[in-house]
Amino acid sequence: MTVAVITIDGPSASGKGTVAALVAERLGFHYLDSGSLYRLLALYARRHGIDWASEIELAEAAANLPVEFSDGAVWLEGNDASQDIRAEEIGIGASKVGALPEVREALLQRQRDFRLAPGLVTDGRDMGSVVFPDATLKIFLTASADERASRRHKQLIGKGESANLPRIMQDIIDRDARDAARPVAPLRQEPDALLLDTTELTIDQAVDKVLVWFEERQVSGH
Ligand code: DC
């Protein structure tokens, strides 16, 4: 029997990570935040003087990336990198390294290895289209750009970081454009993905919606 997978793809700051992690918790499934792999690679490159455009060097680094997910943290070369990978600058780097086809290829199997019983919930940009095309349930989770910028702004203020709303908005627009325009695995809603617009929804409402859809899939048998 194949292991169930729920894929949640969507743009940055849409809340897909929070929703995916909570769905995984409610179902007792494993969780893969695929963006963290791209962020880890960008951070690794920065620390080792590898340019974010050096495709061959980056692909090699991606294939051998010394990372471990344990104790609720992400470890890069033995050090807790959970905070560092969340920096806005590293998010931009992740989007740049993620545009390179060789890098995506090198990370493919690594992501598929997370598919373990009893099931997996994963979030990213190409989880349903490329990494898990046979997923049980595929969702495209989004929210308006205004709403996403305001959520990211609140999040940064909450962490005590300085935040400038117009700049965040511009970063979100630029990142969406880069993620959607790249020739490999672009950000877009696939025809077999269900649209979940969270602009007007709370996190709990979004989580419940995913759980209901998953239940329906289980009942209907596909
Ligand atoms: O989901 P996130 O914001 O942590 O992702 C950071 C960047 O990584 C995103 O702008 C594009 C890239 N990414 C990707 O190309 N493919 C994925 N499956 C996940 C993230």
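In each ligand, atom 1 is the first atom listed, and ligand 1 is the first ligand listed.
The residues D33 and R86 are annotated as salt-bridged, a charged nitrogen and a carboxylate oxygen being separated by less than 4.0 angstrom. Comment: R182 does not engage D126 in a salt bridge, judged by the lack of any side-chain N to carboxylate O separation of less than 4.0 angstrom. The existence of a salt bridge linking R46 and D84 is excluded, since no basic side-chain nitrogen approaches an acidic carboxylate oxygen closer than 4.0 Å.
Proximity annotation for atom 20 (C) of ligand 1: of G35, S95, A13, S36, G35 comes nearest, heavy atoms only. For atom 15 (O) of ligand 1, the candidate residues are R175, R152, R104; the nearest heavy-atom contact is made by R104.
Atom 5 (O) of ligand 1 has R125 NH2, 3.6 Å as its closest protein atom, hydrogens excluded (heavy atom only). Of the protein's non-hydrogen atoms, the one nearest atom 13 (N) of ligand 1 is Y38 CD1, 3.8 Å. Atom 7 (C) of ligand 1 has A94 CB, 3.6 Å as its closest protein atom, hydrogens excluded (heavy atom only). Protein heavy atom closest to atom 4 (O) of ligand 1, with residue, atom name and distance, is R39 NE, 2.7 Å.
Atoms of ligand 1 lying under 4.0 Å from at least one heavy atom of S34, given by number and element, are 17 (C), 18 (N), 19 (C). Close approach to G124 involves these atoms of ligand 1, each under 4.0 Å from a residue heavy atom: 18 (N), 19 (C). Atoms of ligand 1 lying under 4.0 Å from any heavy atom of D179, numbered from 1 in the order shown and given with element: 9 (C), 10 (O), 11 (C). Interface of M127 with ligand 1, defined as ligand atoms under 4.0 Å from a residue heavy atom, comprises 18 (N).
Judged by distance alone, with hydrogens and angles left aside, the side-chain atoms of H30 form no donor-acceptor pair with the main-chain N or O of R115 at under 3.5 Å.
Residue contacts with ligand 1, taken as heavy atom pairs separated by less than 4.0 Å, do not involve R178 at all. Looking at Q111 against ligand 1, nothing comes within 4.0 Å, counting heavy atoms.
Taking every heavy atom of both residues into account, T122 and M127 meet most closely at OG1-SD, 3.0 Å.
Note: I6 CD1 to L120 CG = 9.0 Å, rounded to the nearest 0.5 Å.
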Return all side-chain donor-acceptor pairs below 3.5 angstrom for residues 92-103, not counting sequence neighbours, or 'none' if the list is empty.
residue : atom : partner : partner atom : Å
S95     : OG   : R178    : NE           : 2.8
S95     : OG   : R178    : NH2          : 3.4
S95     : OG   : D179    : OD1          : 2.9

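Q155 and R152 share a side-chain donor-acceptor pair at under 3.5 Å.
In terms of polar-atom proximity, K16 is counted as a contact of ligand 1, with an N or O under 3.5 Å from an N or O of the ligand. On a distance-only criterion, S12 and ligand 1 share no N/O pair closer than 3.5 Å.
In this structure T202 satisfies the side-chain contact (heavy atoms from CB on, under 4.5 Å) test together with D204, Q205, sequence neighbours excluded.
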